[in-house]
Amino acid sequence: MASKFWQASSSEDESEESSVDSSSSEGSTSSDEGSSDSDSSSSSSSSSGSSRKKGASRFLMGSSDSESEDERRVVRSAKDKAYDELRATCNEIKNKMHINDWAAIQTLFDKLNKQLERTQKVTQSLGVPRAYVRMLCELEDFLNKTLAEKPKLSPTNTRALTRMKQTLRKHNAAYAEQMRLFRENPVSETEEEPSPSESESEESGSERELNTEEEEEAKFKSVRTGVVQRPKDKLLTMDPKEITYEMVQKKLQEIAMARGKTTRIDRQEQIEMLTYLSGVTKGPVQKLEVLINVITVTFDMNQPTQNAMTVPNWNRCAQTMFDIMVSVLLDENRHITLTDTPPEEERIEEPEEGTPTQVWGNLGAFLERLDDEWNGSLKALDPHANEYMERLKDEAVLLALAQKVSDYLQAHNELDKLAGVALKRIQHFYYKTDVVYAAMRKLALQRQQDSAEAPEAPTPALDAEVVDGEEAEGATELIVVKIPHDFNIPDSCADLVEQLARVVYAHGNDNQKGQAMLCTVYFRCIRDDFYGARDTLLMSRIQEQTGQLDAKMQVLYNRTIAQLGLSAFREGLIFECHQCLMDLYGTGRVKELLAQGIQQHRFQEKTPEQEAAERRRQVPFHMHINLELLESTYLISAMLLEVPAMASSQSTDVRKRVISKPLRRLMDNYERQSFTGPPENVRDHVMAAVRSLATGDWRRAYQYVTALSCWNLLPQKDAVLGMLRNKLQEEGLRTYLLAYGRFYSSLSIAQLCDMFELPERKVHAIVSRLIADDGLPASHDQPTGTIVVHHVEPTRLQTLAGTFSDKASLLVDLNERALAMRTGALHTDEDDGDGRRGHDGAQGGRRTRLGGRLGGVGGFGRGGR
């Protein structure tokens, strides 16, 4: 079999050899007829040898000699490929023009513009290929012809035609000069960019070899930085006197058209160009347009969802806004106004002085973006580092900027925007105490004085280096924001907040009014005006609409409720404090509700998008409410209410409703422990105080409570501890009488006064209250000054009713514990069946006492979002 196979192949080879020999012999005779026999024999032998190689290697079709590869391979440079792609797109547009397919023309035109940018980057030239200019001229002529003929088009093509009309009118304005020159002397495309020739091959060969030191240095710099050094724009090298109004407007249009298509390096070049143009403008209107473009391009240099704006860029935006309001709008040119809608017609010359002129821009939106970037930078910094404190000092710049924007909006009667700026100012004051406000005011005035004494800062260099695709810090580190001399901050923070709140109430929308109201309530709470804050909150009825609030307002609402509870505690209103804080601590997600951290739950997993959104929702560290103080306040208020209730249920054998289930669960956990060490954290101290108070030992309970370090955060520490001492004495007496009163036949009031260090009138009032509420079966004996205890045995029916109540309560408690294990949320009262389900149908939501839903699976904040 093998021999037959090879014989067959040899026969085929012979046939191929014969054909090759014949062709080679014919070629040899035609080329050289006077050759000798030896030459012909040698040529035939060589041709036959080559034919044998070809027959043997016919299974290796891809392997051929290097000479044949060089003949078939065509080496094309990136420049030639870019030009060919540009021509191919132009040809596609011409084909679509024949059939009036404007939808395809619009798509191809966008593709053509992107290819033009790639072509310019590849060729490292700022010129425009003539093929592109020819296409613009043909498109413009065809568009005018179509509009004149008005053919019947489909709705899609009609919309595309309208968009192309607007796009070409703006786009061709940047290439008007090139199009005019092309129309004067049109050339064919074959003359524009000739095909690769020997000259181009020589040039490509010269590019591979560095012949001069300049080229070698340029290559080294390109490799080191990763960026090709681009030539400067023509405007930067021109004499400022030669720059006309039209040239500046043309450059502004180019920068506006490049938005969304440029890289970080291109934006840095645009900022350098705009900084230069701001000094060569031909009037205040044009200068205002240039400065607004500086702000927008700087905002484009970072994405708020990823990271915060750098400090140099933030300073540049703030100083530019000061330049706009001080030198352009407020002081000198009050006839110039800003509008949210860009003007339809483009200006070809500077308006006359005094003529009312509108320029696109929104100072309120710029201020809000700067405020968000400032907050974002604070969240990204370590709150215990010096950088955080240095960044916090920039708040004075924001306040001065907000005051300037408010003056401009009030002067032009833009009241809706004025309400938004007033709300931003309130958000910088509502959480500050009088001491903090005074320190901030002193710092702002000191910085204003330093700005007045500081010399004029030089303009940043335009040829700043770019390293690793990032802008160099040295390019903008010289920018120092100066606070205007007319900036004024009032002495009284309360008057300022009230004045700003009135502006929001008069001109703001519902959302802004709600935020201003919550900020006002928070402001009153930290100044110990509990009743005023509570009345304002209840009159607003916002607690009934918590389910419809957005996440930001829900966080503000939770923070306000927390401060309301702390204010009630400082006033000695234990029951009101517990009512405010029980809903926050009933969920077990205090950090999330106050936006002060992210808690991980065993039965709830969050996607990366949800975690990122929650991190953006966090409040800066200097606005945090101390969680240790908040937990201590809640647990102590729960202890003062729960311990007497537990003693009452033990003495009467009637199981009453649990007041604080989180405290009860903590007590159960501590009772299960076989060994309990000395208290270390807040819960340990409170549990130790609970055990002492349950026996009537108020002195030991007071020692445990005062050992907490969080009381040092209160400015009125002595008053709060004195209030706690009185509350512990009263509740200790009530607990002692409820727990041990049945073991006595009579009690001396004088001895009770000595034990609990209370006046006789106070002891008499507490005992009378217990007797009236049927908590203590006793009566007063006035002549002897004693309390006579009556021993009453419960009936059979009362005993059975108490047993049934205990078993029912135990069953309810077990069910709620099982529910808490599934949902990760704790409930604080017995609600109906409807309250067990959130607004989205998730198990575990419940209706709070203040309205809304709380604690649904996957929800956020109060309202079960």
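No hydrogens, no waters, no symmetry mates; every other heavy atom, side chains included, goes into these values. Note that this is a predicted model, so its numbers are computed, not measured.
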Side chain Q427, main chain K424, donor-acceptor under 3.5 Å: no

Is there a side-chain contact between V359 and T337 (heavy atoms, below 4.5 Å)? no

Looking at D372 and R616, is any side-chain nitrogen of the basic one under 4.0 Å from a carboxylate oxygen of the acidic one? no

Closest contact, heavy atoms only, K94 versus M135: CG-CE, 4.1 Å

If I take atom CG from residue N100 and atom NZ from residue K152, how far apart are they, to the nearest 0.5 angstrom? 14.0 Å

Report yes or no: does E373 contribute a side-chain atom to a donor-acceptor pair with the main-chain N or O of A308 at less than 3.5 Å? no

Going through the checks in order, is the side chain to side chain contact (heavy atoms under 4.5 Å, CB included) test met by V133 and Y175? CA-CA 8 Å; V133 179; Y175 303 96; 5.8 Å; no

To the nearest 0.5 Å, tell me how far Q270 CD sits from L252 CG. 10.5 Å

So do the side chains of F366 and C317 get within less than 4.5 Å of each other, counting heavy atoms only? no

Tell me the closest heavy-atom pair linking S377 and R391, and the distance in Å. OG-NE, 3.0 Å

Within the structure provided, determine whether D394 and W374 are in side-chain contact (heavy-atom separation under 4.5 Å). yes

Could you state the interatomic distance from CD1 (I271) to CD1 (I295), rounded to the nearest 0.5 Å? 11.0 Å

Could you measure the distance from the OG atom of S278 to the CG atom of N293? Nearest 0.5 Å is fine. 11.5 Å

How far apart are the C-alpha atoms of W360 and T341, what are their side-chain angles, what is the distance that settles it, and do they pass the side chain to side chain contact (heavy atoms under 4.5 Å, CB included) test? CA-CA 6 Å; W360 175 83; T341 57; 6.0 Å; no

Is D371 reaching over with its side chain to a backbone N or O of L367, donor-acceptor style, under 3.5 angstrom? no

Could you pull out the closest heavy-atom pair between A419 and Q512, with the gap in Å? CB-OE1, 3.8 Å

Pairwise side-chain contact, T281 with E289, heavy-atom cut-off 4.5 Å (strictly under): no

N157 side chain to A103 main-chain N or O, any donor-acceptor pair under 3.5 Å? yes

Does the Q618 side chain pair with the main chain of E614, one donor and one acceptor, at a distance under 3.5 Å? yes

Is it true that atom CD of E352 has more than 12 heavy atoms of other residues, nucleotides or ligands lying nearer than 6.0 Å? no

Any side-chain heavy-atom pair from W314 and V397 closer than 4.5 angstrom? yes

Any Lys/Arg nitrogen of E140 or R183 sitting under 4.0 Å from an Asp/Glu carboxylate oxygen of the other? yes

Let me see the working for L401 and V481 under side chain to side chain contact (heavy atoms under 4.5 Å, CB included), right down to the final yes or no. CA-CA 11 Å; L401 200 58; V481 183; over 6 Å; no

Mark yes when over 12 heavy atoms from residues, nucleotides or ligands other than K379 sit less than 6.0 Å from its NZ; otherwise mark no. yes

Which heavy atom of G361 sits nearest a heavy atom of D340, and at what distance? O-OD1, 3.9 Å

Do the two ring centres, one from W102 and one from F142, sit under 6.0 Å apart? yes

Please indicate whether K282 has more than 12 foreign heavy atoms, meaning atoms of other residues, nucleotides or ligands, lying under 6.0 Å from its NZ. yes

Are the side chain of T357 and the backbone of T355 linked by a donor-acceptor contact shorter than 3.5 Å? yes

For L363 and I324, the nearest pair of non-hydrogen atoms, with its separation, is CD2-CG2, 4.5 Å

For the backbone of Y245 and the side chain of Q286, can you confirm whether one donor and one acceptor N or O come within less than 3.5 Å of each other? yes

Closer than 4.0 angstrom, basic N to acidic O: yes or no for E85 and K81? no

Any heavy-atom pair between the side chains of L418 and Y408 that's under 4.5 Å? no

Run the numbers on T89 and Y132 for side chain to side chain contact (heavy atoms under 4.5 Å, CB included), then give the verdict. CA-CA 10 Å; T89 307; Y132 183 79; over 6 Å; no

Charged N to carboxylate O under 4.0 angstrom, D550 versus R617? no

Checking the side chain of N185 only, and the main-chain atoms of L181 only, is there a donor and an acceptor separated by less than 3.5 Å? no

Would you call K114-E117 a salt bridge at under 4.0 Å N-O? no

Quick one: are M273 and L277 in side-chain contact, heavy atoms under 4.5 Å? yes

I292 versus L338: any side-chain heavy-atom pair under 4.5 Å? yes

Just by distance, do the side chain of E387 and the backbone of L381 share a donor-acceptor pair under 3.5 Å? no

Does R369 count as lying over the ring of F299, i.e. NZ or CZ under 6.0 Å from the six-ring centre, within 45 degrees of the axis? yes

Locate the shortest heavy-atom distance separating Q253 from A173; write the atom from each residue and the value. OE1-CB, 3.7 Å

Please report the interatomic distance CD1(I93) to CG(L108), rounded to the nearest 0.5 Å. 5.5 Å

Once rounded to the nearest 0.5 Å, what's the spacing between atom CG of D416 and atom CG of N509? 9.5 Å

Backbone N or O of N91 within a donor-acceptor pair of the N95 side chain at under 3.5 Å? yes

